[in-house]
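The structure under discussion appears below in the form of structure tokens.
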Amino acid sequence: MVASKAQQAATAERRAKAIRMKIDGASYSEIATALGYSSRSAAHMDVKRSLEKHVVEEGLAIEAWRELELARLDTLQQAIWGKAMSGDTRAIEAALKILDRRAKLLGLDSAIKLEVLTVDALDAQIQRLEAELNAAGIAPADSEVGETPPPP
């Protein structure tokens, strides 16, 4: 049986509240009690279904959980930001931990791989490639890259 539009709206609203409560750190038991679910597992399944629906729509399983964690970090940061900005050292430390966690979650601290090539390394590579060409019976070009070779 298909649910009416009113039932679908009520379900969507309850799921939104359940997700908001989960973001705010509520347990599934607390969500079940507050929103009238029959059990803790029913609340868990509803939140899971809602997130899975989001995942299917977005196509990224990890992204739904990342968004949940980012929302939690936002809530925590909002709660302490005023104290941190007024100089409370404990709040500053907590804010830095939140910022660090967000950076890790978003991959902002991942290493950047750089490859440094020296002139000697380039010359060695050119010699190696010329040797491969010679071994294959192909004569290397005498001109520089981008130059037009002289007429025969």
Side-chain angles (χ1 to χ4, degrees), residues 1-133 135 140-141 144-147:
M1 181 176 153
V2 177
S4 70
K5 287 188 179 188
Q7 289 171 321
Q8 290 175 354
T11 299
E13 184 178 343
R14 182 165 86 158
R15 283 183 176 162
K17 286 179 182 177
I19 289 173
R20 182 75 235 161
M21 289 179 72
K22 191 63 188 159
I23 288 170
D24 290 341
S27 69
Y28 288 111
S29 296
E30 292 169 331
I31 294 169
T33 301
L35 299 178
Y37 286 95
S38 60
S39 66
R40 172 197 179 283
S41 61
H44 178 264
M45 286 304 296
D46 208 25
V47 169
K48 182 179 173 186
R49 278 189 199 113
S50 182
L51 289 174
E52 285 172 351
K53 181 180 178 199
H54 174 72
V55 167
V56 169
E57 290 170 356
E58 297 298 321
L60 301 171
I62 279 272
E63 194 60 31
W65 289 109
R66 182 177 289 123
E67 290 299 321
L68 178 67
E69 290 300 317
L70 287 170
R72 286 179 174 155
L73 292 171
D74 289 342
T75 301
L76 289 171
Q77 186 175 332
Q78 281 180 328
I80 63 161
W81 195 252
K83 288 182 181 179
M85 295 307 291
S86 67
D88 182 326
T89 55
R90 289 185 64 188
I92 291 170
E93 289 173 10
L96 287 173
K97 287 179 183 178
I98 292 167
L99 294 171
D100 182 56
R101 179 67 187 121
R102 179 180 286 112
K104 286 178 185 174
L105 190 61
L106 293 172
L108 300 176
D109 291 339
S110 51
I112 298 172
K113 184 178 179 180
L114 296 176
E115 184 177 354
V116 178
L117 297 176
T118 63
V119 173
D120 291 338
L122 289 174
D123 285 341
Q125 180 71 1
I126 290 169
Q127 289 175 356
R128 187 185 65 75
L129 291 172
E130 285 177 342
E132 284 181 27
L133 288 172
E144 294 290 320
V145 174
E147 288 184 9

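If you're wondering where the values come from, they're calculated on a predicted model, not measured in any experiment.
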For a quick test of reading the model, state the closest non-hydrogen atom pair linking [X] to [Y] and the distance between them.
{"X": "G36", "Y": "R14", "value": "O-NH1, 3.5 Å"}
{"X": "A43", "Y": "Y28", "value": "CB-O, 3.7 Å"}
{"X": "R49", "Y": "R15", "value": "CD-NH2, 3.9 Å"}
{"X": "A95", "Y": "A84", "value": "CB-CB, 4.2 Å"}

Is there a side-chain contact between [X] and [Y], using heavy atoms and a 4.5 Å cut-off?
{"X": "D74", "Y": "I23", "answer": "no"}
{"X": "R90", "Y": "K83", "answer": "no"}
{"X": "K17", "Y": "I31", "answer": "no"}

Under 3.5 Å, is there a donor on one side chain and an acceptor on the other for S27 and S29?
no

Mind checking the [atom1]-[atom2] spacing from [X] to [Y]? Nearest 0.5 Å is all I need.
{"X": "L105", "Y": "E67", "atom1": "CG", "atom2": "CD", "answer": "9.0 Å"}
{"X": "D24", "Y": "R20", "atom1": "CG", "atom2": "CZ", "answer": "4.5 Å"}
{"X": "E13", "Y": "L35", "atom1": "CD", "atom2": "CG", "answer": "9.5 Å"}
{"X": "I126", "Y": "L133", "atom1": "CD1", "atom2": "CG", "answer": "11.5 Å"}
{"X": "I98", "Y": "E93", "atom1": "CD1", "atom2": "CD", "answer": "12.0 Å"}
{"X": "S38", "Y": "M45", "atom1": "OG", "atom2": "CE", "answer": "11.5 Å"}

One pair to check against side chain to side chain contact (heavy atoms under 4.5 Å, CB included): I80 and D88. What are the steps and the verdict?
CA-CA 9 Å; I80 63 161; D88 182 326; over 6 Å; no

With sequence neighbours excluded, residues passing side chain to side chain donor-acceptor pair (under 3.5 Å) with R72:
E69

Kindly say whether D46 contributes a backbone atom to a donor-acceptor pair with the side chain of S50 at under 3.5 angstrom?
no

